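Being a predicted model, the structure only gives us computed values, none of them experimental.
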Amino acid sequence: MADREFIQSGTTGPRLKYILKIFNSYTTAWIFSALVLTAAYGYFFQSEYLKESGIWSLALTLGGEFIIALLITGFITLFIYDKRQKDTPIQRVFPVVIWGRKLLVKIGPLLRQYLFSNDQEETPYNRITRNWIYATSSGARNTIGFGSQVDMDKVGTTLIMPATFTNTKTMTGEETGQFYKKVIGKHTGVETYTLNHFVHISAMSYGALSFNAHASLNKGAKMAGILHNTGEGALAPCHEYGGADLVFQIGTAKYGIRNENGEMDDRLLKEMADHPQVKMFEIKLAQGAKPGKGGMLLKEKITPEIAKIRKIPMGKDAFAPARHKEFTDVDGLFNFIDKVRGIVNKPVGIKMVIGHTAEIEDIAKKMKEEPGRGPDYIVIDGGDGGTGASPHVLSSYAGLPMKQALAVADWALKNNGVRDKVILFASGKVATTIDIAVAMALGADAVYIARGFMLSLGCIQALECHTNACPTGIATQNKKLQKAIDIDAAAKRVATYADALYKETQMLAESCGYDSPSQITADDIMVVTSPGHLDYLSELHGISAFEASNERRQAKEGNMSVGEMKMKREQVHT
C-alpha cells in the first residue's frame, strides 16, 4: 500500500519533497530534450551569430526558441506518458487531450459557484444563505425588496404560521424582546450553568481550524454571550483569547486529559474543571461527519504546540478510536458520566448521532428509573456531515438527519417523563433563523452552529477544509494563509451574526404570538410535501423512525428481520 501524502502549504519539508518528486524520468527527459532541440537550432541556424556574440548572448537570443521547444517536447513527452501509464484507461485512448478534461473537472466547482449555478442550487449552503450570513455578520441591512426568491410552492419549502392577534409584549418597529433562559444541571446537583442565548458555537478543534479562526470565534462568543465548544482537540490558547465561556469536549482519544497510554487522567480533567472559562463538559459519542468512526490527525499537521495541547507525540499520526473504551452500553455510559461529573462538579452532556432509535429510548428510560443520573444535556448531531474531514460514505449516508433525530429524542424523553431534566442542543446544518425555529419547534432548547460561524468569519465555501489550503485562512495551519483573518474584525462579525440570529428568531416567535422561541411548536410550522399540499412539521419527523424502531424491536424478539416479520404477518392474514 502506497504511503499517504499530505502537502502542507507553507512548510519546507513536505513541499520540497513534493517538488523533488516532480522531477522523475519523464520531466527530466522533457527538459533535456528541449535543451537539445534548442541547442541544435542554435548550432544550425545561429552559428554565425554565436561566433560574434558569445554563448551568453546566444542563450538570451534563443529564449523564445527554448519556450517553443518546451511546448513541442512537452506534448511529445506527455503523449508517451499517457500511452504508457496503466492507471486510467481513457487516458491511454485519448492522450494529451484528456488533460483538458481534468482541468475542467478541477475548476468546474469554481465555475459553477460563480457563473452557472443559480442562487438556490449549491450545497451545503446556497448563495442566498451565504449572502444572507455575509450581510448579517457585517452588520449590513439584510432586508430584501420586490419579494422573496424562495419558491413557496416547491416541495420541501418551510413556512411558519403567524398569529393574527399577537401578544401585547411584542415590540414595535425592529425591536424584539429578550425572554429566553435555560438552566443546565439542576437535576444532578452540580454547579449549574444558565443559557441566556439559544445560539452557540459548535465543536471544532484547534488543528482543524486555525489559531486566528478560533481566537476570533472566542472573542466574538464573549461579545455575544454565547458558548464556544473546544472540539475534541482539547483546550488551546486560542480558546482563551477572548475570555468566552467554554464547553470542553471529551473525545474518544481523551486529548488534553490523557496519560501516555491514551487513558483519561483524572488529575488533568480536574485541572480543566478548575479553568475559569470551562463551564461544561461534553462526552462525544459520535459526530455527524463520521458516526461510528474515530478521527485521525496526520503527523504532518501535528506541530509542537498541537502535540503539547493534545498530549500526543510528534512524528506519528494521531488516531482517535471509534468508541470510548470505558463503556460499551448505556449502563457503562452512565457510570462514566458519573465519574466525570464527580471530578468536575459541572454539567456533563453527551453528543450523539442517532441510528437505531432504541438507543436514545434506553437512555431516557434509564434516566427515569434512576433519577439524578444521566446527561445534563444532549447534543443531537445530524448525520449529514459537518466541518470534520470524513469518508464520503459516512458523511453522506450514516445517521438520521437532524430534524428526524431531534424529534425522536424529544419524544423519547417526553415519553419517559424526563424531558424537563435535560437540555437538548440541535446540531447539523443550522445557519439561518428559520433553521433555528424549526429545530426549536421539534424539541431543541438551543442550537450549535459550526459552518454558519465559519461563513461569518469569511468562509467562501471553497470546499478545501480537508486540504490545509483553505484560501480564507480558517481551516488551515498555514501561517501565511491565516493572516487573511483579522481577529478583531472577524470577532465583531461573529458577535453580530449571533445577535442577529437571536433577534430574528425572537421576531419569528413574536409573529406567532409567543414571548420566546421556546414556545414555537411543530404545529406552528408547515412544509410543502407536494404541489399545493402542506403538512405540519409534527407529522413529518420522528413518526417513521419511531414506527421503524418498534418494528425492529418486535422483529428481533422473533429472531427475524423486519421484512421477514412483515412477510410472515402477511402470510398469516392470507
> Given Met280 and Ile184, is the side chain to side chain contact (heavy atoms under 4.5 Å, CB included) satisfied, shown in steps?
Replying inline: CA-CA 9 Å; Met280 302 199 303; Ile184 304 179; 3.6 Å; yes

> Ile283 and Ile337: side chain to side chain contact (heavy atoms under 4.5 Å, CB included), yes or no, with the steps?
Replying inline: CA-CA 8 Å; Ile283 300 168; Ile337 292 173; 3.8 Å; yes

> How far apart are the C-alpha atoms of Glu326 and Lys339, what are their side-chain angles, what is the distance that settles it, and do they pass the salt bridge (Lys or Arg N to Asp or Glu O under 4.0 Å) test?
Replying inline: CA-CA 11 Å; Glu326 288 85 355; Lys339 178 181 178 179; over 6 Å; no

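Side-chain contact, Gln249 with Glu282: a donor N or O sits under 3.5 Å from an acceptor N or O. Using a 3.5 Å distance cut-off with no hydrogens or angles, the side chains of Tyr514 and Asp524 do pair a donor with an acceptor. Residues His228 and His200 bring no donor and acceptor atom of their side chains to less than 3.5 Å of each other. Judged purely by distance below 3.5 Å, without hydrogens or angles, the side chains of Tyr193 and Asp245 pair a donor atom with an acceptor atom. Using modelled atom types, one finds no donor on one side chain facing an acceptor on the other under 3.5 Å when comparing Asn229 with Ser202.
Between the side chain of Asn415 and the main chain of Trp411, no donor-acceptor pair closer than 3.5 Å is present.
At least one cation-pi condition fails for Arg373 and Phe334: the charged atom is not both under 6.0 angstrom from the six-membered ring centre and inside a 45 degree cone around its axis.
Taking 4.5 Å as the limit, every side-chain heavy atom of Arg258 sits out of range of all side-chain heavy atoms of Arg310. The shortest distance between side-chain heavy atoms of Val348 and Pro375 does not fall below 4.5 Å.
The existence of a salt bridge linking Lys366 and Asp362 is excluded, since no basic side-chain nitrogen approaches an acidic carboxylate oxygen closer than 4.0 Å. For Lys254 and Glu232, the salt-bridge test fails: no basic side-chain N is under 4.0 Å from an acidic carboxylate O. For the pair Asp376 and Lys346, the salt-bridge criterion is not met [side-chain N within less than 4.0 Å of a carboxylate O]. A salt bridge does not link Asp435 with Lys429: none of the charged nitrogens is closer than 4.0 Å to a carboxylate oxygen. Salt-bridge check for Glu361 with Arg553: passed, with a basic side-chain N closer than 4.0 Å to an acidic carboxylate O. Look at Lys186 and Asp420 and you find no salt bridge, because none of the NZ, NE, NH1 or NH2 atoms lies under 4.0 Å from a carboxylate O.
Residue-environment remark: CG (Asn559) stays at or below the threshold of 12 foreign heavy atoms within 6.0 Å.
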